[in-house]
Structures are given as C-alpha cells and as structure tokens.
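All residue numbers refer to positions in the sequence shown, counting from 1.
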Amino acid sequence: RSSHTGGVVPKEIETYVSPYIDKFQKEMEEYKDERPQGGPLDALRGTFASGSNSNGQPAVHVGHLQKVAPQHQSDQQSSFTHICHALKDRWPVESWFRRPIMIAVSGGADSVLLLRILMDLQQKSGKKGEIIIAHVDHGTRDSSANDAEFIRLLAEQHGLQLVSRRIDMGALKERTASEDTLRQARYEQLMDMAHACGARYLATGHNLEDQVETALFRIFRGTAFSGLQGIPPLRVDGAVSIVRPLLHVSRQTILAALKEIEQPFCEDPSNRESHYTRNFLRNEILPLLRTRFPAIDGSIIKLVNQIGRAHV
C-alpha cells in the first residue's frame, strides 16, 4: 500500500493512533461544563481569488494563491467526505468542542483543509464551540505578507477569531535561520497564543508524507530506535495538547478534497527550493526512491507504526 498514490491508510495508521484516541476519550470526562447549544457555524464556500478558471484547466495561479476548480463527483465517496468520516471516528467533536481549539493555519493546502474539515464536523454535529485560527509569519520571504492577508480574509469569511504573530528574525541571530530554529520559534509562538486564548488543543495539518519525510530525515541524520516513532498524533504539553488529525491522510487526498469544495490555498514557493533538507528529501530523494521501491512510503509508515506501538 504505497501512500504516495493517495488515499487513506486506515488499518496501519488506526492501529497506531487508537491508543492516543483513548486518551482523548478520557479527557472528555474532564469537561462537563458544556456550553449552551446554539446554531452551527456557517460553512460559506466562497473564494478569495480574483479572476476565474476560464481556460478550463484544473487549477490556476492568481499571485501566490492557488484556486482549485471543482471536481466532478462520482458514485464513490468524495475525498472530503472520506476524511471527515475518518476524523469523526478518530477525534469526535464531543471530545474537543467544550474548550477553544486553535488551528495553526499557514495558508497551505494541509492546514486550510484541516480548518474546513473541523468546521464542517462542528457544524454537522450541532455543537457550538470556539475555533480559533492561529498564524505565524516567519518573514523569510516577501510573499509571506500575501499569505497573512489570505488567512485574514479566510477568518473573516467564516466569522472566526484570528490571532497572528510575526517572528523577529533578528532575534534568531541570522536571517537564514535553520529549519529547526524556525520550527522551534514557530511552535513557541503557537503555544504562547494557545495559552493566551485558553485553547485546550492546538491542531496542525501534518500529513502522511510529512511522517515519511520525518522518518527518513532522522535515519539520515542519525537517531536512536525511539526516534523512528515519527511525528506523534498527540503530544500533551502542559495545559495544551498538540494534535495532528491529518497524519493518516496523503497529500494527494488533501488536494483532491480541496478541489471538491473549491477551496483555494497558498503555495509557498520556498517548498520547491531543495537546499532545505526536508525539501531535498521531498523533491529529490523520495521521488528517486519511489522509482525503484514503489511501496517505500507504506513500508516506512509500517515501520513507524510498529515502533510507535512498542513505545506507547
């Protein structure tokens, strides 16, 4: 089962994730002060891109923004619905709507879809909870201001609270800060905003390929056996738990889901620059490995799952 061909890897991932889901279920008992029920959030489906897809192509770029055209529905379950159903079972709305949930949104495909899915699940459940969008601008590229504006409009469109921060690159000592330095700075800002807003959960949009890339990165860099557990679907950090609901979903499925609901997203041009180590793995190494070992994604995920189960 090669994950790079798209789709969900249910049994392997679910076996790994289920112990963490048990923790979520237990946490539900902690919050009995259920908020008054009210109308669901409006799930508006407009777009922010100027112009239209008049040339009939599946996607067009409008500045930094990628606007995806609608995908014709077949008799099979849509990608968006498939992910919603899977997430509804793995992380029920009842386990998180009583306290504010913060979603880290970069503007990219993964985080934008995560936002839309959690909004959809909450709306259909009839629960009235508080979803907060959090955005961190690294300030490492000129187009990052466009991403921030896109997210501001996204929050405004759906009537959601937006909190944002900009990383002071000067405080990081060097303009070309390392990936690890930027990642640490981003999480510090996100956690600080989560605490300030009283959020119980901080949700990020990591996907299946992120898990594969992380495992490979640690192997090449050097790691102990425990380091091959990969990205945890849940990490408790004091009063805030970091949760990654899309960790079982492939990038291809995420893009298909966005196309179905006609939801635009931002493309980070730096993702194509292979001088960053993770981009090098994504753009150069993994495509080469897949030509010789087509099932390598599934094999790596299987290894990560087995090690994760042994350490839960």
Checklist outcome for this item: Interatomic distance, CG@Leu228 vs CG@Asn305, rounded to 0.5 Å, equals 12.0 Å
Checklist outcome for this item: For Glu156, the salt bridge (Lys or Arg N to Asp or Glu O under 4.0 Å) test, sequence neighbours excluded, returns Arg152
Checklist entry - Tell me, which pairs form a salt bridge (Lys or Arg N to Asp or Glu O under 4.0 Å) where one or both residues lie in residues 269-281, sequence neighbours left out? => result none
Item to check | Asp192: partners by side chain to side chain donor-acceptor pair (under 3.5 Å), with sequence neighbours left out | outcome: Arg165
Checklist entry - Between Ile254 and Leu258, is a side chain to side chain contact (heavy atoms under 4.5 Å, CB included) present by the stated rule, with each step listed? => result CA-CA 6 Å; Ile254 289 171; Leu258 288 168; 4.3 Å; yes
Checklist outcome for this item: All heavy atoms of Cys197 vs all of Val163, minimum pair found to be SG-CG1, 4.0 Å
Item to check | Distance, nearest 0.5 Å, that separates CG of Leu115 from CZ of Phe265 | outcome: 14.5 Å
Next on the checklist: With a 4.5 Å cut-off on side-chain heavy atoms, are Arg166 and Ser144 touching?
Outcome noted: yes
Checklist entry - Would you call the rings of Trp91 and Trp96 parallel, tilted or perpendicular if under 30° counts as parallel and over 60° as perpendicular? => result tilted
Item to check | Verdict with reasoning, Phe80 to Leu113, per side chain to side chain contact (heavy atoms under 4.5 Å, CB included) | outcome: CA-CA 9 Å; Phe80 185 84; Leu113 180 66; 3.9 Å; yes
Next on the checklist: Run His82 and Val249 through side chain to side chain contact (heavy atoms under 4.5 Å, CB included) and show every step you take.
Outcome noted: CA-CA 10 Å; His82 188 92; Val249 184; over 6 Å; no
Checklist entry - Within a radius of less than 6.0 Å around CZ of Arg221, do more than 12 heavy atoms belonging to other residues, nucleotides or ligands occur? => result yes
Next on the checklist: Quick one, Phe220 with Leu281, criterion side chain to side chain contact (heavy atoms under 4.5 Å, CB included). Give me CA distance, side-chain angles, the key distance, then yes/no.
Outcome noted: CA-CA 10 Å; Phe220 291 143; Leu281 292 175; 3.6 Å; yes
Checklist outcome for this item: Heavy-atom closest pair (Cys84 atom, Leu121 atom, distance to 0.1 Å) is O-CD2, 3.6 Å
Next on the checklist: Can a donor-acceptor pair be found, under 3.5 Å and without considering hydrogens, that links the side chain of Thr81 to the backbone of Ser78?
Outcome noted: no
Checklist outcome for this item: Residues at least two apart in sequence or cross-chain that pass side-chain contact (heavy atoms from CB on, under 4.5 Å) with Ala104, listed by chain then number, are Leu190, Leu202, Thr204
Checklist entry - Between Cys266 and Asn146, is any pair of side-chain heavy atoms under 4.5 Å apart? => result no
Item to check | Least distance between heavy atoms, Ser106 atom then Asp147 atom | outcome: O-CB, 4.1 Å
Next on the checklist: Does any part of the side chain of Ile242, heavy atoms only, come nearer than 4.5 Å to the side chain of Met191, both counted from C-beta?
Outcome noted: yes
Checklist entry - Is the backbone N or O of Asn283 less than 3.5 Å from a side-chain atom of Asn271, with the two atoms forming a donor-acceptor pair by type? => result no
Next on the checklist: Salt bridge or not between Arg251 and Asp110? Use side-chain N to carboxylate O under 4.0 Å.
Outcome noted: yes
Checklist entry - Given the rule that I, L, V, M, F, W and Y join up when any side-chain heavy atoms are under 4.5 Å apart, are Ile219 and Phe225 in one cluster? => result yes
Checklist entry - At their closest point, which heavy atom of Pro264 faces which heavy atom of Val112, and how far apart are they? => result O-CG1, 3.9 Å
Checklist entry - Can you tell if the side chain of Leu208 reaches within under 4.5 Å of the side chain of Asp297, non-hydrogen atoms only? => result no
Next on the checklist: If we ignore hydrogens and angles and just use 3.5 Å, is the side chain of Gln184 paired with the main-chain N or O of Thr181 as donor and acceptor?
Outcome noted: no
Checklist entry - Quick check: does any side chain N or O of Asp210 sit under 3.5 Å from a backbone N or O of Asn207, one acting as donor and the other as acceptor? => result yes
Checklist entry - Hey, does Val105 have a side-chain heavy atom less than 4.5 Å from the side chain of Leu162? => result no
Checklist entry - Say you draw a straight line from OG of Ser111 to NE2 of His206; how long is it, rounded to the nearest 0.5 Å? => result 10.5 Å
Item to check | Heavy-atom side-chain proximity of Lys124 to Lys88 below 4.5 angstrom | outcome: no
Checklist outcome for this item: d(Arg99 CZ, Glu130 CD) to nearest 0.5 Å is 10.5 Å
Checklist outcome for this item: Note: Ser270 and Asn279 closest approach over all heavy atoms is O-ND2, 2.7 Å
Checklist entry - Any side-chain heavy atom of Ser79 within less than 4.5 Å of one from Glu260? => result yes
Item to check | Exercise: identify the closest heavy-atom pair between Thr253 and Ser250 | outcome: OG1-OG, 2.9 Å
Checklist entry - Does any N or O in the side chain of Gln211 come within less than 3.5 Å of the main-chain N or O of Leu247, such that one atom is a donor and the other an acceptor? => result no
Checklist entry - Arg282 versus Ser274: any side-chain heavy-atom pair under 4.5 Å? => result no
Checklist entry - How would you list, by chain and number, every residue that makes a side chain to side chain donor-acceptor pair (under 3.5 Å) with Ser164, sequence neighbours excluded? => result none
Checklist entry - What distance do Met119 atom CE and His158 atom NE2 have between them, rounded to the nearest 0.5 Å? => result 4.5 Å
Next on the checklist: My understanding is that only residues two or more places apart in sequence, or in another chain, count here; which of them pass salt bridge (Lys or Arg N to Asp or Glu O under 4.0 Å) with Arg186?
Outcome noted: none
Checklist entry - When rounded to the nearest 0.5 angstrom, what is the spacing between CD1 in Ile131 and CD in Gln123? => result 10.5 Å
